[in-house]
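Read the structure below first, then the notes.
Hydrogens, waters and symmetry mates are skipped; everything else that's a heavy atom, side chains included, is used. In each ligand, atom 1 is the first atom listed, and ligand 1 is the first ligand listed.
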Amino acid sequence: MDNNLLQELKKVIKGDVLTDAETLITYSHDASLFEIKPQAIVFPKNEDDVKAIIKFANLNKKNNPSLSLTARSAGTDMSGGSINDSIIVAFEKYFNNAPRINNNIATTQPGVYYRDFEKETLGHDLIFPSYPASREICAMGGIVNNNSGGEKSLQYGKTEKYVKRIKAVLSDGNTYEFKKLNKEELEEKMSLKTFEGEIYRKIYKLINDNYTEIMNAKPQVSKNSAGYFLWNVYDKEKETFDLTKLFVGAQGTLGFLLEADIELVPIHKHREMLIIFLHDLSHLSEIAKQLGLYGMIQASLAFLPAFISLFTGRNLPKLVLQVDFTSNDVKEIEEKVATLKAKLKPLNPQTQIAKDNAEKRYWLVRRESFNLLRKKIRDKHTAPFIDDFVIKPECIEEVVTQITDILKKHPEFIYTVAGHVGDGNFHIIPLVDIADPKVRNNIPIIAKEVYDLIHEYHGSITGEHNDGLIRTPYLQQMYGEKIISLFEETKQIFDPNRIFNPRKKVFGDLDYAMSHIRQNW
Ligand SMILES: Cc1cc2nc3c(=O)[nH]c(=O)nc-3n(C[C@H](O)[C@H](O)[C@H](O)COP(=O)(O)OP(=O)(O)OC[C@H]3O[C@@H](n4cnc5c(N)ncnc54)[C@H](O)[C@@H]3O)c2cc1C
């Protein structure tokens, strides 16, 4: 960035602007496959700073077309959502006050780490049930803006269900609050002669004019973080209109989050975990069906052996399923475990009840299996690019078999599978030598084959991790031209100067993404 511009930026804010080599390298990465060097990292100190940065970008965009702003909380995004080649606006340093808890609502800033957030909520016997597996390293800003999900999502739903109010700075450099509105409140908003009024009028019209197509576009799978969730905004029957639904999961492409009200749920007093060891994948769909019968179950599909044997060389089960039962009533749990065991009996799986510490260990392994993958294992590293697809549980066997067949054609990709079998969400994260040209060439080839398959089975390309650089180019195939044009219109309404997080959610660029795959780790 030109030095005058940088000095200008430093003048308009109280927070820090860093451009030293080490900081730029740190912020060139998130947990994705990519590496993009930014021009400057800004740590806004307060709301006025955020507004000033956005006004600065607007003012200077015309003479500096590549100027853009990418928000970042903890920077653990797996899709390349929190990296870019212009200015990174980092919230973890100054936007991390402890959440305020009022009844069952926690008001949080974006830079609050989930682990700290949870400490506060547990003090009130409450929990946010959509925390991701990255719970120890991610922050609330990323959770809201990725529409994150995790081990409890099958039972409780995802982040989108729990965000009740949002305070954000939009592209005109002003702060606005969004929450669910009734008909009269919506009309009042639409009558405003301000940018806010314009947004309400235009988004209302966009949704109303295309209502049936938008409703039909909603992915018919248990979880989705792909695209803008236009279908969740306007409930014609109840006459409610809620723009938080559009902001959640938008990866900072529509504005910057300053604060969110998050609904919490009571923690259950008792929990028990049934571990199911499978040596044969052919029973997966049947098991998923049985698990689907339980409202109170989360199930995690843990490993394929390639990963474990990398460490141990042992012949372990092909799959370890963790089925978590929680309730305030011990008897209810016991009954559910017994019923599930009886239902699974014809399949003859080996099962075990994990208690107390053992149970914790299993969850830890499940969560840490991901985290471990961030680190270098021998000469290999993780390449998340087909890491988060969702299909209907009844198609699991068919689809996963075909996907593993695709990967088997490329032995340079050692793959691992984890996920949530109950809701058909899979995390396949190959281990690769990123310097190998064969690996670099085959990433887009494998991605295309896998996403073609997901399209064929009417799945979603991402259940939790979001689109980012890696998946935005595949949104067109998932949603079709018309819906993509509505996504682009949505972006245009919120961000007419295109200052926020380019190439994410709309106007994806596969060549740009592929040319920014990391050279090494
Ligand atoms: C080991 C590991 C396991 C993971 N497991 C899961 C999982 O189970 N489920 C899941 O959903 N994800 C998972 N992820 C991905 C990621 O950790 C989560 O999506 C997490 O919620 C991101 O939080 P963050 O604070 O690190 O976000 P960041 O990387 O900082 O940002 C994520 C996105 O949100 C935007 N953003 C951040 N702050 C703001 C703001 N203030 N305003 C506007 N936009 C903003 C960014 O621009 C970016 O697009 C995992 C990642 C790793 C490395």
Option passing side chain to side chain contact (heavy atoms under 4.5 Å, CB included) with Y228 (candidates V506, L486, D467): V506

Short N or O distance, C138 and ligand 1, threshold 3.5 Å exclusive: no

Residue-ligand contact S225/ligand 1, heavy atom below 4.0 Å: no

Interfacing atoms of ligand 1 (cut-off 4.0 Å, heavy-atom, F256): 42 (N), 43 (C)

Geometric N/O contact A133 with ligand 1, under 3.5 angstrom: yes

For P132, atoms of ligand 1 separated by under 4.0 Å from a heavy atom: 6 (C), 7 (C), 8 (O), 9 (N), 10 (C), 12 (N), 13 (C), 21 (O)

Distance under 6.0 Å and angle within 45° of ring axis: R135 vs Y131: yes

Under-4.0 Å salt bridge between D387 and R471: yes

Ligand 1 N/O within reach of N146 N/O, cut-off under 3.5 Å: yes

For atom 22 (C) of ligand 1, the option (of I88, D388, T76) bearing the nearest heavy atom: T76

Atom NZ of K14: over 12 foreign heavy atoms under 6.0 Å: no

Mutual orientation of the aromatic rings belonging to F487 and Y479 [parallel < 30°, tilted 30-60°, perpendicular > 60°]: perpendicular

Within-cut-off N or O pair, G149 and ligand 1, under 3.5 Å: yes

Pick from S134, G111, A250, P110: the one approaching atom 5 (N) of ligand 1 most closely through a non-hydrogen atom: S134

Proximal ligand 1 atoms for G252, defined as those under 4.0 Å from one of its heavy atoms: 43 (C), 44 (N)

N or O contact, S148 vs ligand 1, cut-off under 3.5 Å: yes

N501 and T70: side chain donor to acceptor below 3.5 Å: yes

Short N or O distance, A74 and ligand 1, threshold 3.5 Å exclusive: yes

Atom indices of ligand 1, in the order listed, that fall short of 4.0 Å to a heavy atom of G255: 43 (C)

Output field: ring centroids Y451/F389 closer than 6.0 Å: no

Per-residue contact class, A31 against ligand 1 - non-hydrogen pairs under 4.0 Å: side chain

Close N or O approach (G81, ligand 1; < 3.5 Å): yes

Those atoms of ligand 1 less than 4.0 Å from some heavy atom in G75: 24 (P), 26 (O), 28 (P), 29 (O), 30 (O)

Within reach of ligand 1, part of L258 (heavy-atom separation under 4.0 Å): neither

Aromatic plane relationship, F385 with F413 - under 30° parallel, 30 to 60° tilted, over 60° perpendicular: perpendicular

Test: E464 and K158 ion pair at under 4.0 Å: no

Per atom 34 (O) of ligand 1, closest listed option by heavy atom (T70, V89, N145): N145

Proximal atoms of ligand 1 relative to D77 (non-hydrogen, under 4.0 Å): 29 (O), 32 (C), 33 (C), 48 (C), 49 (O)

Aromatic ring proximity F256/F500, centre distance under 6.0 Å: yes

Per-atom contacts of ligand 1 with N501, taking only distances under 4.0 Å to non-hydrogen atoms: 47 (O), 49 (O)

Element-labelled atoms of ligand 1 that are located less than 4.0 Å from some non-hydrogen atom of A139: 23 (O), 24 (P), 25 (O)

Salt bridge D242-K180, side-chain N to carboxylate O under 4.0 Å: no

Donor-acceptor pair, side chain of Q220 and main chain of K218, under 3.5 angstrom: yes

N/O separation below 3.5 Å, M140 to ligand 1: no

Cation-pi check, R165 onto F178 ring (under 6.0 Å, within 45° of axis): no

